[in-house]
Amino acid sequence: MSIIVQSCRNCGEHYFPYRLVCPACGKANFADVEIDSGTVEDVVRTAADVAIGTVRCGPRLCVIARLTPTDLRPGAVVALNHTITDGADPAGFVPARTPGVQRKETYIQ
């Protein structure tokens, strides 16, 4: 299980969601990379008992994910994926590109 994020081929910074130009170096040369897990930094729960958390995936990369089970606390390590799990193992659902699906190239004129 993993999610796909964008990595700048020039400076190595990672981004999610996708960027047109790297804010760190100004280049527009990216590759897709997989991120398998992250550490929960903050959690909020909705009235319907859905847990949404900020998950740190690297020094400067965080994603917002739906967490299962809903009683996860900051510091928990979660597997990241594109599908909602049954909640048996700590996981974070990130609605994003499906691996293997080609993205449309966008050019700035």
Side-chain angles (χ1 to χ4, degrees):
M1 294 190 290
S2 62
I3 62 169
I4 304 296
V5 300
Q6 192 178 41
S7 176
C8 178
R9 288 183 174 147
N10 188 58
C11 70
E13 288 293 325
H14 290 82
Y15 298 104
F16 182 85
Y18 279 79
R19 308 289 177 99
L20 293 176
V21 177
C22 177
C25 70
K27 303 292 183 186
N29 188 11
F30 297 98
D32 290 341
V33 295
E34 292 185 16
I35 302 290
D36 297 324
S37 63
T39 303
V40 176
E41 286 197 336
D42 198 15
V43 181
V44 296
R45 287 172 188 76
T46 67
D49 198 34
V50 173
I52 306 294
T54 302
V55 179
R56 177 150 311 271
C57 303
R60 291 186 283 247
L61 177 66
C62 288
V63 297
I64 305 300
R66 179 176 176 176
L67 303 174
T68 59
T70 59
D71 64 348
L72 289 173
R73 303 247 184 262
V77 175
V78 295
L80 296 170
N81 59 67
H82 293 294
T83 56
I84 297 175
T85 63
D86 61 7
D89 295 315
F93 166 68
V94 180
R97 281 187 61 245
T98 303
V101 174
Q102 196 69 14
R103 69 183 160 134
K104 180 180 177 183
E105 296 295 329
T106 305
Y107 298 96
I108 300 172
Q109 295 182 4

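Numbering of residues begins at 1 and proceeds along the displayed sequence.
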Determine whether Ile35 and Ser2 make a side-chain contact, defined as any pair of heavy atoms from C-beta on separated by less than 4.5 Å.
no
Test item: Gln6 and His14 side chains (from C-beta on) under 4.5 Å apart, heavy atoms
no
Under the side-chain hydrogen bond (donor to acceptor under 3.5 Å, both in side chains) test, residues paired with Asn29 that sit two or more places apart
Arg9
Heavy-atom distance under 4.5 Å between the side chains of Val78 and Leu72, does that happen here?
yes
Do Cys57 and Leu80 make a side-chain contact, defined as non-hydrogen atoms from C-beta onward lying under 4.5 Å apart?
yes
Using side-chain contact (heavy atoms from CB on, under 4.5 Å) as the criterion, list what pairs up with Asn10, not counting sequence neighbours.
Cys8, Cys25, Lys27
Taking the side chain as everything from C-beta on, heavy atoms only, tell me whether Asp36 gets closer than 4.5 Å to Asn81.
no
Residue pair Val40 / Val43: nearest heavy atoms and the distance that separates them
CG1-CG2, 3.4 Å
Between Val50 and Ile64, is there a shared hydrophobic cluster once you connect ILVMFWY residues whose side-chain heavy atoms come closer than 4.5 Å?
yes
Of all residues at least two apart in sequence or in a different chain, which pass the salt bridge (charged side-chain N to carboxylate O under 4.0 Å, His left out) check with Arg56?
Glu41
When you compare the side chain of Val33 with that of Ile4, does any pair of heavy atoms fall below 4.5 Å?
no
What are the two closest non-hydrogen atoms of Gly26 and Val21, and how far apart are they?
O-CG1, 3.3 Å
Find the distance between CG (Leu67) and CZ (Arg73) and round it off to the nearest 0.5 Å.
12.0 Å
Which heavy-atom pair separates Leu61 from Phe16 by the least distance, and what is that distance?
CD1-N, 3.8 Å
Taking salt bridge (charged side-chain N to carboxylate O under 4.0 Å, His left out) as the cut-off, I'd like each qualifying pair that reaches into residues 42-52, sequence neighbours left out, listed once.
none
Shortest non-hydrogen pair, Cys11 vs Cys22, comes out as SG-SG, 3.6 Å
State which residues pass side-chain contact (heavy atoms from CB on, under 4.5 Å) with Pro23; sequence neighbours excluded, sorted by chain then number.
Tyr15, Arg19
Phe30 and Leu20 have their tightest heavy-atom pair at CE1-O, 3.6 Å
